[in-house]
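Given the structure is predicted, the values throughout are model-derived calculations rather than measurements. Chain identifiers are assigned alphabetically (A, B, ...) following the order of the sequence lines, protein sequences preceding nucleic acid strands; residue numbering begins at 1 within each chain. Scope of the values below: all heavy atoms of this structure, side chains included, with no hydrogens, waters or symmetry mates.
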Amino acid sequence: MSANTSSSASGGAAGSSSGNTGGGPCGACKFLRRKCVAGCIFAPYFDSEQGAAHFAAVHKVFGASNVSKLLLHIPVHKRLDAVVTICYEAQARLRDPVFGCVAHIFALQQQVVNLQAELSYLQGHLATLELPPPPPPSAQPQPIIAPPSLTIADLPTGSSAAPATYDLSSLFDPVVQPPWTMQQPRQMDSHQFGAARAPAEASSSAGTGDLQELARELLHRHRTSSTVPCNEVLPLPPHSK
Amino acid sequence: MNSKRCAGCKYLRRRCPSNCILSPHFPPNDPQRFACVHKIYGASNVAKMLQQVPVQQRAEAANAMYYEAYCRIKDPVYGCVGTIALLQQQIFDAECQLAKIQAEIAVLNGHHEATHQNQQVNVATSSANFTLESGGEGTFSSTYDPSICQFY
C-alpha cells in the first residue's frame, strides 16, 4: 500500500486536502467503483495499484463508511498510522476470522509470562550464587512453567510503564507461534478472553510479510520523523455480564 | 421471536428473531458491548463475520471483536496495535534483563570455580608433611612446619 504519488507532492504524510489530481481514482474509489473526488479521504493512503487490494480487506471487515468516519475524527498527521493499523487489523481478521489480531496479543502475552518466569528463576539462582559459600547443588527438578490461562485481566493496564514512542514498522514482525498454539485448543470463557485457540493455519508469517512490506512502504514514503508518539496504554475493557 | 430482544436488535430497533445470530453474544443486559462493535464494524459486518465462523467458535470471535472495537474506540489511531507494541517492548526489556542476569551468573560461576581451585591448592600445601625432591642430588625428605615457616 503506498500513497497516491500524484498527490504526494502536495499531501504526503500530512494528508492533503486535495485528492487525486489526475492519476486516476485512488485504490478505495477504484474498489468502490465510484468517482474519486478532490478531497477524498482515502486517496493519500490507498494508491490505485496495490491500494485497491488493501482497501478490499479494510472494507470487508470495517466497511468504507466506518473507516471514513474514523479517519475524520483523527488529526491529519495521525491518519497514516491509523490507516496502517486498520489495515493490519483487517488483514489479521481475514487471516483468522475467530481471533484476528487478538491471537497475536495472546502469543506475545504468553511470551512475556514465560520470560518473567525464567527471569524469576534466574534471579533466585543468582541470589544463591552470591551467597558465600554456596551449598552443593542438590538434584532439584526444573520448575515446570505451566502456561497460565490468559484472561483479559492479564493484558497491560494504563499503569504499566509504556514507551513514550515506538516505531510502527516493528509491530508487523511475523507472528510468534508459541508451542502452546500447537496444542489442543482450549475454550474461551464466553465472558472473558481465555487462552487463545491455535490458529487453523500456521501460515501467518507468509501473510504478515505482505503487511510488513505495506507498513514499511507507507512509513518510508510518508513519515517525517522516525518514531511516532504512543498513546497511553489502553485500560482493560469492561467484562461482559 | 424472542420475548426479550438482544442488545443488537434493541439498538437497531428491530424484531429479534429466534435464530438471531447476534443474540447469544450480545445479551440485552450489556448494551455497551454491542454499541462498541457496531460503531467500529457495523452490525451487518459483525453478523457476516460471525456467520463465517463455526457455531462453537462464535463466542470467542464475538469477544475478540469486542476487544478490538473497544481498543479502537479508546485509541482511534492505534487500536489494539498499541497493546501489541507495549507487549513487544516488555519482551525486549525482559530479554535484556535475562541476558544481563545470565552474564552475571556466568561471571559468578567462573569466580567460584577459581576460588574452589585455590582452596584445593591451599589444602594441599597446608598439610603437615610433604616430600621435596631435588633434581640431581638424590632425594631427601623434610617436614614443613607452617607455624614456624621452617623446614626441619
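The aromatic rings of Phe55(A) and Phe31(A) sit perpendicular to each other, their planes meeting at more than 60°, with 30° as the lower class boundary.
With a 4.5 angstrom heavy-atom cutoff, Leu122(A) touches chain B via backbone and side-chain atoms both. Proximity to chain B is limited to the side chain of Ile74(A), based on heavy atoms less than 4.5 angstrom apart. Both the backbone and the side chain of Ile86(A) have a heavy atom closer than 4.5 Å to some heavy atom of chain B.
Contact count against chain A (heavy-atom pairs under 4.5 Å) is highest for Ile40(B) among Val46(B), Ile73(B), Ile40(B). Top candidate by heavy-atom pairs under 4.5 Å with chain A, chosen from Ser44(B), Pro24(B), Ala61(B), is Ala61(B). Taking Asn109(B), Leu98(B), Leu108(B) one by one and counting their heavy-atom pairs under 4.5 Å with chain A, the maximum is reached by Leu98(B). Each of His125(A), Gln116(A), Arg93(A) has some count of heavy-atom pairs under 4.5 Å with chain B, and the biggest count is that of Arg93(A).
No side-chain heavy atom of Val77(B) sits less than 4.5 Å from a side-chain heavy atom of Thr85(A).
Under the side-chain contact (heavy atoms from CB on, under 4.5 Å) test applied with Tyr70(B), the options Met65(B), Gln32(B), Lys39(B) reduce to a single match, Gln32(B).
By the side-chain hydrogen bond (donor to acceptor under 3.5 Å, both in side chains) test, Asp93(B) is found to be paired with Gln89(B), residues two or more places apart in sequence or in another chain being considered. Legend: residues meeting ring pair (Phe, Tyr, Trp, His ring centres under 6.0 Å) with Phe34(B), ordered by chain and number and at least two apart, are Tyr11(B), Phe26(B), His38(B).
The closest donor-acceptor contact from the side chain of Arg5(B) to the backbone of Pro28(B) lies at 3.5 Å or more, if one exists at all.
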